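Just so you know, these numbers come straight off a predicted model, no measurement behind them. Just follow the structure's listing: the first ligand is 1, and inside any ligand the first atom is 1. The analysis underlying the following values was restricted to heavy atoms, covering all of them including side chains, and did not include hydrogens, waters or symmetry mates.
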Amino acid sequence: MVSDKINILKTKLPKDVVLVAVSKTKPIETILEACSKGHLDFGENKVQELVQKQENLPKNIRWHMIGHVQRNKVKYIAPFVYLIHGVDSLRLLNEINKQGKKNNKTINCLLQIHIAKEENKFGFDIQEIKEFIENKQYELWTHVKIVGVMGMATFTENKNLVKQEFEQLKSYFDELKPFFSKEFKIISMGMSGDYKEAIEAGSNMVRIGSSLFGRR
Ligand SMILES: *Cc1c(COP(=O)(O)O)cnc(C)c1O
């Protein structure tokens with residue numbers, strides 16, 4: 001049972017590390033089983049799948065959007081999403097703010113920062129973030145709350161490289177923290193293959209799919 005795997009993993013994680021169970025491609029029934037045993041944080045990476053699952057599952061689930069979000073799709077998740085991890089552009093932030101306003105809520109976001117050597121990973125350059133802080137642009141986002149950072153390491157067996165990349169993200173987090181509110185405290189990094197390195201480097205939110213739900 002997935003709920004058993006989740007509970008076992010939770011006992012191994014440090015107390016301050018939140019487990020986001022990444023349920024993408026997995027059926028409603030599997031999520032329901034885990035949720036009925038008390039796990040409430042689930043991550044999805046596709047808007048359509050996320051919306052469909054949200055409609056058919058208990059409303060107290062905390063839905064994490066962990067994938068890349070297209071601007072024209074923010075409106076579908078804005079009413080219910082708990083945390084958007086993959087925020088990687090100003091235009092996306094503007095749109096999230098707009099949809100937050102429409103829904104009369106503040107939407108929690110993580111700034112996805114590019115840390116991997118690989119080219120194909122999304123994310124801000126740290127320089128871009130510093131610029132919007134300097135421009136005071138974020139003060140316009142009345143319905144966005146930036147609560148931390150997210151990053152993905154290079155997909156490699158080279159654990160040293162992975163560790164270096166996670167340490168880089170942690171140091172970006174430390175650097176950015178003074179500019180945001182007290183609620184800026186999440187470092188979302190680590191997946192099935194690299195969450196141990198991530199936690200060693202300071203992660204307090206891991207996104208784990210395949211080692212809980214099996215291969216996709
Ligand atoms: C799929 C996915 C995960 C989980 O990956 P696993 O290797 O299955 O644990 C974590 N983060 C993001 C952004 C993902 O897309």
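Panel note: side chain K53, backbone S23; a donor-acceptor pair is recorded below 3.5 Å.
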Walk me through whether F184 and F179 qualify under ring-ring contact (aromatic ring centres under 6.0 Å, His included).
CA-CA 9 Å; F184 186 88; F179 298 100; 9.6 Å; no
Mind listing the side-chain donor-acceptor pairs of residues 206-216 below 3.5 Å, one per line with the distance, residues two or more places apart or on another chain?
unit_1	atom_1	unit_2	atom_2	d
R207	NH1	S188	O	3.1
R207	NH1	S188	OG	2.9
S210	OG	S192	OG	3.4
S211	OG	S192	OG	3.2

Cut-off 3.5 Å, no hydrogens considered: what does the side-chain donor-acceptor table look like for residues 31-38, sequence neighbours left out?
unit_1	atom_1	unit_2	atom_2	d
E33	OE1	V2	N	3.4
E33	OE1	S3	N	3.0
E33	OE1	S3	OG	3.4
E33	OE2	S3	OG	2.6
E33	OE2	K37	NZ	3.4
S36	OG	L32	O	3.4
S36	OG	E33	O	2.7

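Between K163 and E167 there is a salt bridge, with a side-chain nitrogen of the basic residue lying less than 4.0 Å from a carboxylate oxygen of the acidic one.
For ligand 1, the 4.0 Å heavy-atom shell contains residues V22, K24, I66, M150, M152, M191, S192, R207, I208, G209, S210, R216.
Residues forming a side-chain hydrogen bond (donor to acceptor under 3.5 Å, both in side chains) with K130 (at least two apart in sequence, or on another chain): E175.
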